[in-house]
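For the numbers below, each heavy atom of this structure counts, side chains included, while hydrogens, waters and symmetry mates do not.
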Amino acid sequence: MAEEQCRILWVEMDKLEKLEKKPIEEWRISEKIHYMIRFSHAQKKQRIIQELIEKGEIIAMMEEKKRDYLRDTSLAIARMRAKFDELDEQRV
């Protein structure tokens, strides 16, 4: 069992080292999380981790804007439905 765990560890380490050669924008979210967890204390990896954190803030801001847009859109649709219901009641 211990030998199998060592093989898995080396495969994962190799995968993360190859990952550094790709631009961060191409990394999957699982790769970003894995990288940050694995190398959070490695001094040599702090530049990449800081870049991931900064990109994460941008992603969080984009998600917030998306939520605002969806909320505003939902409110606009609700207002239109209320207006149409009001017009239907007036015709009846």
To the nearest 0.5 Å, tell me how far Lys44 NZ sits from Glu20 CD.
11.0 Å
Say you draw a straight line from CG of Leu52 to CD1 of Ile24; how long is it, rounded to the nearest 0.5 Å?
4.5 Å
Going from CG on Asp72 to CZ on Arg67, what distance comes out if it is rounded to the nearest 0.5 angstrom?
13.0 Å
Any non-hydrogen side-chain atom of Glu86 less than 4.5 Å from a side-chain atom of Lys83?
yes
So, taking the atom named CG in Leu70 and the one named NZ in Lys66, what distance separates them when rounded to the nearest 0.5 Å?
7.0 Å
Where Trp27 and Leu19 come nearest, the two heavy atoms and their spacing
NE1-O, 3.1 Å
Can you measure from CD (Glu26) to NZ (Lys22) and round to the nearest 0.5 angstrom?
6.0 Å
